[in-house]
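Notes to accompany the following structure.
Quick note: residue numbers are just sequence positions, from 1.
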Amino acid sequence: MSVLARSPADRVIVVGAGVAGLATALRLAPRPVTLITAAPLGAGTATGWAQGGIAAAMGADDAPALHAADTRAAGAGLTEPDVALRVAEAGPGLIDWLVALGTGFDREADGALALGLEAAHSRRRIVRARGDSTGRTVLDALVRVVQATPSIEILVAGLHGLMQDADGRVRGVVCERDGAAFRLPARAVVLATGGVGALYASTTNPRGALGRGLLAASRAGAALRDLEFVQFHPTAIAAGRDPMPLATEALRGEGARLIDEFGAPVMAGIEGGDLAPRDVVARGIFQALSRGRTVYLDTRGSLGARMPQRFPTVAALCAEAGIDPAVQPIPVRPAAHYHMGGIFVDEAGRSTVPGLWACGEVASTGLHGANRLASNSLLEALAFAPRIAESIGDAPTPASADHPVRLPEIRSPDAAALGKVRGIMERGVGVVRDDAGLTQAVDELADLAAQGSDAAATGLMIARAALDRRESRGAHWRSDYPDPRPARHAVVTPAMADAPRALQELTDA
């Protein structure tokens, strides 16, 4: 049976083909699934670029409770403890599941998993594959299994939005393929569309990471949460490429140091030093750059010499940029990397709109809080995929709705407007923020959104949320409000999304 011929009463649509979408599709089997991907399977997803690994308490000196504690500490007061513990407890079993699917993780001579150390982890618990090619290895394994699963059909198409019936229930999607828009009804939709990094001029994300799923959910009436928390990876390689290649955090776990052009340590005097949480290191580098310094990741010596074996992806990226990490420090700077905010979901991945679930970076599950702990992103997606599949399986089949009454507006992307959006977000909604910069960003993005730019509309939601959070917490740093206030989540409702200012409702964390 072809994709378009499947019965809406049976079909589940999963939008996105990174680890979140692929794992969800596999967990739904043998239920019929249509997997929608904007690029050919295995391409165009941030999963394939993930270098560090998957955090899981696999070591003899480790435990899920320790992993959960590190997650809460990094989350700066907004990580939900029960979510952190449940995800950490699932970690070892998820690694076993991936191994059973044929994922080749790196191992020690005795056959035990090789465990790396990354910033803000109290134990060596980063499960890796091919050195720094974990994301690519996991993605390839999932793609192979998906392609061999008869219940999953693949549709290469772009998402325009969600179809809804008179009661507001999501009934499918509107997609575009080969220049033609079409409807695809379904009993349930899972958004696994990734993040928003490509809204910034400096990013480690693929060009398609524009928050399309986030915007579609918002227009369907779904609540969004903590949109202001954008994580900037501290060590993107400053070699003139867009997107920027990444120098994995694991390098600092193996002894690499951050220095300026004079050899002075950039993180001197800062708690945690080079292994501080990402938001702290990103601000340290940003402040050095603001003082006119040039910042480097120093791997010279034995670490640089063994990089082709231990970190082959970074070694190849350095070679492309003409850098020999054994004898030359690597120029780095912060770049938009991960969105902690997203579609507000419950413990089963359900959004506030019936018929709509979300998994992975597009979702706000309560795990990451204000600052994601390194290598928890692939883990989160893998942990929520089976919960989502079970939730959809338990949900009653909705009554027939042959004629959805609400369809999304179809807008063509505007490359010129996107370029403007990326500059505005970089200047005003970056690593360090203030009232003047955020207010200007909101005004400029509102103008572009009014002209029909979806990228501007998504950026506007983030900028407004950042303007309204008058404190510094985790990845959200306000130079005019440097101190934290009592911990609160910020939930954006659809009615607020159209308000000119003050669109947030603060709720207890």
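For residues 107-123, the salt bridge (charged side-chain N to carboxylate O under 4.0 Å, His left out) pairs, not counting sequence neighbours, are Asp61-Arg123. Note on residues 256-273: pairs passing side-chain hydrogen bond (donor to acceptor under 3.5 Å, both in side chains), not counting sequence neighbours, are Glu261-Arg293. The side-chain hydrogen bond (donor to acceptor under 3.5 Å, both in side chains) contacts involving residues 309-326 comprise Asp132-Thr313, Ser133-Thr313, Arg241-Glu320, where partners must be two or more places apart or lie in separate chains. Listed by first then second residue, pairs satisfying salt bridge (charged side-chain N to carboxylate O under 4.0 Å, His left out) with a partner in residues 191-206 number zero, not counting sequence neighbours. Residues in residues 87-103 take part in no side-chain hydrogen bond (donor to acceptor under 3.5 Å, both in side chains) pair, two or more places apart or across chains. Within the structure, every pair that satisfies the salt bridge (charged side-chain N to carboxylate O under 4.0 Å, His left out) test and touches residues 326-342, not counting sequence neighbours, is listed here: Arg333-Glu426. Sorted by first and then second residue, the salt bridge (charged side-chain N to carboxylate O under 4.0 Å, His left out) pairs involving residues 36-49 (not counting sequence neighbours) form an empty list. Pairs passing the ring pair (Phe, Tyr, Trp, His ring centres under 6.0 Å) check and including a residue from residues 302-340, sequence neighbours excluded, read His233-His337, Tyr338-His368.
A salt bridge does not link Arg464 with Asp468: every distance from a Lys NZ or Arg NE/NH1/NH2 to an Asp or Glu carboxylate oxygen is 4.0 Å or more.
For the pair Arg387 and Phe384, the cation-pi test (distance below 6.0 Å, angle within 45°) is passed.
In this structure, the salt bridge (charged side-chain N to carboxylate O under 4.0 Å, His left out) partners of Glu249, at least two apart in sequence or on a different chain, are Arg252, Arg278. For the side-chain hydrogen bond (donor to acceptor under 3.5 Å, both in side chains) test, residues two or more places apart in sequence or in another chain that qualify with Ser122 are Asp70. Considering only residues two or more places apart in sequence or on other chains, Arg433 meets the salt bridge (charged side-chain N to carboxylate O under 4.0 Å, His left out) condition with none of them. In this view, Tyr200 and Phe232 satisfy the ring pair (Phe, Tyr, Trp, His ring centres under 6.0 Å) rule, not counting sequence neighbours.
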